[in-house]
Each structure stands twice: as structure tokens, then as C-alpha cells.
Amino acid sequence: MTQTLTIARPDDWHLHLRDGAMLQAVLPETARHFARAIIMPNLVPPVVKGADATAYRDRILAALPEGMSFEPLMTLYLTENTDPADVEAAAASGLIKALKLYPAGATTNSASGVSNFDNVRPVLEKMAEIGLPLCVHGEVTDSDIDIFDREAVFIDRVLDPIRKATPGLKVVMEHITTKDGVDYVKSNPENLGATITTHHLIINRNHILAGGIKPHYYCLPVAKRETHRIALREAATSGDARFFLGTDSAPHTDANKLLPCGCAGCFTATNTMALLAHVFEEDSALDKLEGFASRNGPAFYGLPVNEARLTLTKSDSAAVFPKQIETGDGPVTVFDPGFPVYWNVTG
Ligand code: NCD
Ligand code: ZN
């Protein structure tokens, strides 16, 4: 028995494509299924100015295989030196669709992030004025805050004050991992949305730590306890338009993942849509998948829904996904959900 589901072609509202050989290898994994993606700027050095974003967009388009279509939606990395005039020009030309806030030291390549929020106030005011969203990595970095509490503490200490000080600012809480994040979005209807990753709908912290350490499940923000995963599932499958897909697919070579101090990131571009169909069907919410993956994000960003379509098919035999993607930098392991998946993209 086969079953099919056709939806508007999805977009990924939080994606790491990297650069060079890695970009070349991972870009087709996303472009195969997604029409557009918000491209994270945490390169080394980061994408901070409009000119950096132009050059990076051109490298992405040059890496796109013949016959594939994909639109990178560029972002700038917010630093304490970001110039509001540069942001305004890059937004006015259509080049950038958001700025990205990393608290300094929060995650991979975030050393140039913000320490003193007073120093970015003029940029935030300008963004509120022109309607440019701020994508937020919502974790405090204080070493005295338990890593599992960093998102909840960020909401109270940083996010809520920023939003109150700049009321018109559109904010995306990225890759939320807690019920606290879900509840904050639900109770603040003005100018606030959140992305949820595929892997945080599937794993909790036991998957990382119970029965041996599993580096391929380690990402930031780190997966939390099961009650939080359930809250994320409920939010994603609820049909509430403020929640949308941002995979945070974050490729690192296996050599860099399997170190005594390994990199954070799950690589999910390859099988995300199949896994989401599984998750949404499990929660009797297949009819909500199109909203989550294809409609809610464009609505938040004020962009049209894609006219192209994507078809998923459920068959009797489990889908076979590659275990790894080969890249010029070495193999990258594809996220393994740990259960058989009968859905796959077929058109
Ligand atoms: C991301 C990366 O590798 O760039 N890692 C991750 O665990 N998600 C950075 C990020 O989005 O936090
Ligand atoms: Zn990310």
C-alpha cells in the first residue's frame, strides 16, 4: 500500500552551508528538496557586511549543480561593529533577509558575537524601522548557567528585555528546544516566531548520553529532556503559524565530530522531509506538514509560498538513506533517527 502527500515546495529557515568543498558537497542535499533557505553567516571569518553576503551568495550559486534551482536567502552576522547603514542598504537591495544574533561564544564560530547589547541598539532600531527580522541563537553563555537551562535563562535575561526595548523588532527564536521557548512564543503574539529543527522533534538528551555517548546527536542548543521534545512536537504539529521549519542542518566532518572535544551539529539536509512526514503522521498531523515546512515561514518573512511542489510517498519498505555524504574535507554522517522510516521524497 502506498500513500502520497504533495505539498508546496518547502523552505529551510535555518541552514548551514559552509564554504569551499563542504558547500559543494552539501548544497545539493538541500537544493534537491528545498526551494530556499536562510543561510547562516557563521563562516570563518563571519559574513558581517553586505559585500561579504554578496560574495558568499555568489559562491553558493556557483556551487549549485546544473539543472537544480535554489535561492539562498542571505543573512548578516550581527557584531558590535555592525553599521546600520550597511544593513539598511543590504536589505533594501533584497540581498539579505535577516540578521543573526549569536551571543559571543554560544556555539560554532560565534567568537564575533555580541557581548554588550547596548552596542547593537542602533542596528536593532534600524531593523525595527525597516521590518528586517532578527534571527536569535537563544542561549546565554555564562559558565555558571547549566547548559540545559541556557535557553530558558536567555529568554528572561536577554530576549524579553531586547523585545521590550525595541517593540517593533521582528524576532525569530531559532531552533527552540524547550517548552519555555514554545510558551514564550505563544504568550507573545507580536512580531515573534520560532523555528524548530527536525532532530529536536526526534531526539531527547537520552539519545545523546544513555548507553554510551553519541557525538552525532550532539548539537547546540543541546537536546533537552523528553517533556520538552513533546512540547516541540505539539507546537510543530499544531498548525500554529508562528512555528516553522529551520533544520539547522550543520555539517561537520566525522573527524571533527569524533574528537575528545567534538563539534556541535546534526546533518539532516538529506532526510529531513522524509523524517518530518514520519513525525507528523505519527502525531496524526500530516495535514499540518505543509504549513510547518512550506507556508508559515514565508508568511513570517513576507515572501510568497513556492509554486513548485514536493511529493512524499509512503511505501511498505523502509527508505534507505545514505549513512554519509562524501565531501572534499572528509565524510559527513547523515542524521540517523534510530527507527525505520517508510516515507521518502519521490517528486
Ligand atoms: C551550528 C554549526 O555547526 O555551525 N551547530 C549546531 O550545533 N547547531 C551552529 C549553531 O547553529 O548553533
Ligand atoms: Zn545553526
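Both counts, for ligands and for their atoms, begin at 1 and track the order of listing. From a predicted model like this one, the values you see are computed outputs, not experimental measurements. Along the sequence shown, the residues carry numbers beginning at 1.
Atom 5 (N) of ligand 1 has its closest protein heavy atom at A264 O, 3.1 Å. Of all protein heavy atoms, the one closest to atom 9 (C) of ligand 1 is T107 OG1, 3.3 Å. The protein heavy-atom contact nearest to atom 11 (O) of ligand 1 is H16 NE2, 3.1 Å. Closest to atom 7 (O) of ligand 1 among all protein heavy atoms lies L220 N, 2.7 Å. In terms of protein heavy atoms, atom 8 (N) of ligand 1 is closest to D248 OD2, 2.7 Å.
Between F292 and F280, the ring center distance clears the sub-6.0 Å criterion. Here the two rings, on H252 and F267, have centers that are 6.0 Å apart or farther. In summary, the aromatic rings of H175 and H137 are positioned with their centroids under 6.0 Å apart.
At least one N or O atom of G265 sits closer than 3.5 Å to an N or O atom of ligand 1. At least one N/O-N/O distance between R18 and ligand 1 falls below 3.5 Å.
Screening the protein for N, O or S atoms under 2.8 Å from the Zn ion (ligand 2) yields 3; no waters enter the count.
At a 4.0 Å heavy-atom cut-off, ligand 1 does not touch H199 at all. Counting heavy atoms closer than 4.0 Å to ligand 1, residue H252 contributes side-chain atoms (C-beta onward) but none from N, CA, C or O. Within the 4.0 Å heavy-atom criterion, the part of H137 lying near ligand 1 is the side chain and not the backbone. Contact annotation for A250 and ligand 1: only side-chain heavy atoms (C-beta onward) come within less than 4.0 Å of the ligand.
Looking at D160 and K164, a side-chain N of the basic residue comes within less than 4.0 Å of a carboxylate O on the acidic one, giving a salt bridge. With respect to E190 and R163, no salt bridge is recorded, no charged nitrogen being found less than 4.0 Å from a carboxylate O. Checked for salt-bridge contact, E282 and R233 meet the test: a charged N lies under 4.0 Å from a carboxylate O.
Residue pairs that meet the ring pair (Phe, Tyr, Trp, His ring centres under 6.0 Å) test with at least one member in residues 69-97, sequence neighbours left out, are Y77-Y102.
In this model, no donor atom of one side chain and acceptor atom of the other lie less than 3.5 Å apart for E174 and T195.
Contact annotation: H14 has at least one heavy atom less than 4.0 Å from an atom of ligand 1.
M74 and F34 fall within the same hydrophobic cluster, where Ile, Leu, Val, Met, Phe, Trp and Tyr residues are linked whenever their side-chain heavy atoms come under 4.5 Å apart, directly or through other members.
Stacking of K170 on the aromatic ring of F300 is recorded, both the 6.0 Å distance cut-off and the 45° axial limit being met. Figure legend: R205 and F148 shown as a cation-pi pair, the cationic atom lying under 6.0 angstrom from the six-membered ring centre and within 45 degrees of its axis.
With T311 as reference, T6 is the one residue of N344, T6, T4 to meet the side chain to side chain donor-acceptor pair (under 3.5 Å) rule.
Near C219, with a cut-off below 4.0 Å to any heavy atom, the atoms of ligand 1 are 7 (O).
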